[in-house]
Amino acid sequence: METELLGRARSGDQAAFAVIYQEHASPVFRYLRMRVPTATVAEDLTSEAFLRAWRKLPDFRPDVGSFTGWLYTIADNLLRDHRKSARYRRELLDGKDHDGPDVRGGADRLALARIEAAGLRRCLSGLSEPQRECLRLRFFAGLSVAEVAETMHKNPNSVRALQHRAVRALATLLAENEKADR
């Protein structure tokens with residue numbers, strides 16, 4: 001079905017591309033959100049990724065790789081460009097998350113969620129960059145092993161091994177973090 005939608009979208013069918021957008025926008029956003037300071041920046045980058053994908057869709061070659069891998073490559077390139085920008089440096093200097101927290105669950109739930117998220121971020125920072133990237137793509141973006149391999153320019157067996165080592169290392173770091181918090 002995606003092949004048919006891609007074919008129609010490549011022919012200029014905006015409705016077909018809208019269906020593709022609806023299917024892929026949330027995972028791309030989650031992937032970017034894990035790598036930028038605010039949801040607003042992730043939304044901007046997600047929008048730009050789909051705009052570029054729409055413009056470059058005639059250049060997409062299904063015989064070379066999957067659409068999902070191609071789309072994440074676009075998102076990753078935008079992320080690299082963003083990190084080179086003055087805007088990103090201001091965000092780092094500011095250090096604030098300007099997206100207001102969701103306090104509907106109450107202050108205690110918000111505090112626990114923030115503590116857990118901070119602990120996970122600390123543990124993730126203990127992994128190598130390839131391990132973090134693999135976990136982001138597999139579990140936060142929901143890509144398949146083949147799609148991660150394409151995005152990371154690795155073969156699927158390397159991605160499986162990298163994922164296995166990353167999950168094992170993360171489990172160890174989480175256990176150490178939990179012991180330290182007691």
Side-chain angles (χ1 to χ4, degrees), residues 1-85 87-88 91-92 97 99 117 120-121 123-125 127-167 169-170:
M1 169 144 169
E2 187 169 276
T3 306
E4 176 197 340
L5 279 173
L6 279 170
R8 288 180 23 219
R10 290 179 76 190
S11 300
D13 184 341
Q14 292 178 356
F17 191 76
V19 172
I20 292 169
Y21 173 84
Q22 289 172 345
E23 182 177 322
H24 293 281
S26 289
V28 169
F29 170 80
R30 283 191 308 272
Y31 169 73
L32 291 167
R33 179 61 184 104
M34 289 296 298
R35 303 182 79 193
V36 296
T38 68
T40 304
V41 173
E43 289 169 1
D44 291 347
L45 292 173
T46 301
S47 296
E48 182 63 25
F50 279 94
L51 182 61
R52 284 192 188 179
W54 172 250
R55 288 180 182 152
K56 295 180 181 259
L57 202 52
D59 299 335
F60 169 66
R61 295 190 41 214
D63 57 315
V64 174
S66 73
F67 174 77
T68 304
W70 181 73
L71 181 60
Y72 277 88
T73 300
I74 292 171
D76 204 45
N77 288 338
L78 283 167
L79 184 61
R80 282 193 190 106
D81 292 345
H82 175 72
R83 286 186 171 162
K84 293 177 189 174
S85 72
R87 177 180 174 188
Y88 181 70
E91 290 165 1
L92 289 178
D97 183 354
D99 302 324
L120 180 58
R121 277 194 298 277
C123 292
L124 282 170
S125 69
L127 302 177
S128 70
E129 180 55 33
Q131 288 175 327
R132 284 192 302 269
E133 182 71 3
C134 180
L135 294 181
R136 283 182 195 118
L137 291 168
R138 283 287 289 136
F139 301 114
F140 294 106
L143 298 185
S144 69
V145 169
E147 292 165 335
V148 172
E150 183 180 339
T151 302
M152 293 184 72
H153 308 290
K154 295 183 178 291
N155 72 48
N157 289 333
S158 295
V159 168
R160 284 186 195 92
L162 180 63
Q163 176 186 322
H164 178 74
R165 287 191 308 274
V167 168
L170 184 59

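The two residues Ala16 and Ala9 make their nearest non-hydrogen contact at CB-N, 3.8 Å. Considering all non-hydrogen atoms of both residues, Val145 and Pro156 come closest at CG1-O, 3.6 Å. Annotation for Glu48 and Leu78: closest pair CG-CD2, 3.5 Å, computed over non-hydrogen atoms. Nearest heavy atom pair, residue Leu127 against residue Ala166, reads CD2-O, 4.0 Å. Smallest separation of non-hydrogen atoms from Leu124 and Arg132: O-CD, 3.0 Å. Annotation for Ala53 and Phe17: closest pair CB-CZ, 4.2 Å, computed over non-hydrogen atoms.
Using a 4.5 Å cut-off on side-chain heavy atoms (C-beta onward), Asp76 and Tyr31 make contact. A 4.5 Å side-chain heavy-atom check between Tyr21 and Trp54 finds every atom pair outside the cut-off. Using a 4.5 Å heavy-atom threshold, the side chains of Glu133 and Arg136 count as touching. For the pair Thr3 and Pro62, the minimum side-chain heavy-atom distance is 4.5 Å or more. Side-chain contact between Leu137 and Glu147 is absent, with no heavy-atom pair separated by less than 4.5 Å. Proximity of Arg83 to Arg35: side-chain heavy atoms (C-beta onward) are separated by under 4.5 Å at one or more points. Between Val64 and Trp70, the closest side-chain pair of non-hydrogen atoms is not below 4.5 Å. At a threshold of 4.5 Å between non-hydrogen side-chain atoms, the residues Gln131 and Leu170 do not count as touching.
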Checking side-chain contact (heavy atoms from CB on, under 4.5 Å) for the pair Met152/Leu162: CA distance, chi angles, key distance, verdict? CA-CA 11 Å; Met152 293 184 72; Leu162 180 63; 3.8 Å; yes

If you apply the rule side-chain contact (heavy atoms from CB on, under 4.5 Å), what do you find for Leu57 with Leu6, and how did you get there? CA-CA 9 Å; Leu57 202 52; Leu6 279 170; 4.3 Å; yes

Stepwise side-chain hydrogen bond (donor to acceptor under 3.5 Å, both in side chains) check, Asn155 with Ser158: CA-CA 5 Å; Asn155 72 48; Ser158 295; 3.2 Å; yes

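With rounding to the nearest 0.5 Å, the separation of OG in Ser47 from CZ in Arg52 is 12.5 Å. To the nearest 0.5 angstrom, Asp13 atom CG is 8.5 Å from Leu5 atom CG. We find the OG1-CD1 distance between Thr68 and Ile20 to be 9.5 Å, quoted to the nearest 0.5 Å. Here the OG1-CZ distance, from Thr46 to Arg33, works out to 11.0 Å after rounding to the nearest 0.5 Å. From Ser66, atom OG reaches atom OH of Tyr72 across 10.5 Å, with rounding to the nearest 0.5 Å. Here the straight-line distance linking atom NE2 of His164 with atom SG of Cys134 works out to 12.0 Å at 0.5 Å rounding.
By the neighbour-count criterion of 12 heavy atoms within 6.0 Å, atom CD of Glu129 is densely surrounded, having more than that number from other residues, nucleotides or ligands.
A distance below 6.0 Å separates the ring centres of His24 and Phe67.
Panel note: side chain Arg30, backbone Phe139; no donor-acceptor pair is recorded below 3.5 Å.
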